[in-house]
Amino acid sequence: MLEQFEHASILVLGSGTSVGVPMIGCHCKVCTSNDQRDKRLRPSVLLRLGPARVLIDTSPDFRYQALNFGIDRIDAILYTHSHADHILGLDDVRPFNFMQKQEIPIFASAEAWDVIERTFRYVFDVSPSESSRPRLKPHLFEAAPFCVAGMEFQPIRVAHGKGVVHGFRFGDCAYLTDHSSIPAESLEKLSGLDVVFLDALRHNPHPTHSTVEESLRTVNLLKPKRAYFTHISHDLLHAAVEAKLPPSVHMAYDGLEIPIGRADSQ
Ligand SMILES: [Zn+2]
Ligand SMILES: [Zn+2]
Ligand SMILES: [Zn+2]
């Protein structure tokens with residue numbers, strides 16, 4: 001339960017889609033916006049659960065995110081899936097190995113683990129090396145909940161185009177980044193939420209991502225107390241979209257920190 005932690009929060013490290021916002025070389029009004037909330041690093045969140053820090057995904061911007069937001073420890077990493085925008089920052093966990101003097105537990109589905117292992121072949125090479133490599137302790141999850149930092153995490157299967165990837169429910173919060181739809185059996189696991197994060201790439205339909213309108217429909221089904229949209233492309237200007245959303249629904253932005261559990265009720 002989240003109530004066990006005096007302080008718990010979800011910190012948005014990146015609210016952008018795979019190329020980030022601004023997109024390299026683009027001069028559109030979102031990419032050139034002066035609003036800090038339109039600067040979106042690749043998608044990731046950090047859960048602060050009392051003294052523990054649980055990272056969801058290691059984006060290609062992870063080093064910058066860790067410096068930017070003063071992350072000084074990582075107790076575990078959870079992976080939603082193995083797309084490049086969610087895994088490519090993995091090498092930058094090495095300083096946490098140095099500081100914490102231990103392996104970092106990582107949690108992934110068998111499918112995601114297979115890709116991570118192939119992509120980072122040098123990391124899992126057991127031959128001696130003169131260079132440092134991330135030191136990780138892999139744990140594979142299936143449908144059953146697993147425990148990290150005293151908190152139970154329920155994997156939530158979602159469709160991401162033709163693929164099946166995961167979100168996570170922890171207490172009455174859920175983080176569902178990349179998805180195009182949520183199957184009925186997963187919707188059932190998302191009742192009674194305080195906070196939910198949902199993919200909302202843009203307005204126009206996309207084969208692998210939910211749109212603002214589709215995610216608003218999900219919000220109407222789930223009726224969480226608060227919903228935050230993430231994995232946002234350069235099609236959405238923060239202020240313009242935020243102004244049109246219902247009061248309980250918000251556009252996430254980098255640096256947004258949402259108190260949860262006991263911290264929220266104070
Ligand atoms: Zn993604
Ligand atoms: Zn642009
Ligand atoms: Zn993806």
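When a residue number appears, it is its place in the shown sequence, counting from 1. As the structure lists them, so they are numbered: ligands from 1, and atoms in each ligand from 1.
For Arg40 and Asp38, the salt-bridge test passes: some basic side-chain N is under 4.0 Å from an acidic carboxylate O.
Ser127 and Asp125 form a side-chain donor-acceptor contact under 3.5 Å, judged by distance and modelled atom types alone. No side-chain donor from either of Gln65 and Ser44 sits under 3.5 Å from a side-chain acceptor of the other.
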- [ ] Let me see the working for His86 and His231 under ring-ring contact (aromatic ring centres under 6.0 Å, His included), right down to the final yes or no.
- [x] CA-CA 11 Å; His86 297 260; His231 215 292; 5.6 Å; yes
*asked:* As a quick check of understanding, evaluate ring-ring contact (aromatic ring centres under 6.0 Å, His included) for Phe168 and Phe141, giving each step before the final call.
replied: CA-CA 11 Å; Phe168 300 103; Phe141 63 75; 5.6 Å; yes
Worksheet entry | Full working for salt bridge (Lys or Arg N to Asp or Glu O under 4.0 Å) between Arg118 and Asp114 | CA-CA 6 Å; Arg118 279 188 283 124; Asp114 186 50; 3.2 Å; yes
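Tally of protein N, O or S atoms closer to the Zn ion (ligand 2) than 2.8 Å: 4.
Two rings, from Phe197 and Tyr175, have their centers less than 6.0 Å apart. With ring centers used as reference points, His238 lies under 6.0 Å from Tyr253.
Screening Asp178, Asp61, Asp254 for a salt bridge (charged side-chain N to carboxylate O under 4.0 Å, His left out) involving Arg42 leaves a single residue, Asp61.
Within the sub-2.8 Å shell of the Zn ion (ligand 3), the protein contributes these N/O/S atoms: His81 NE2, His83 ND1, His160 NE2, Asp178 OD2.
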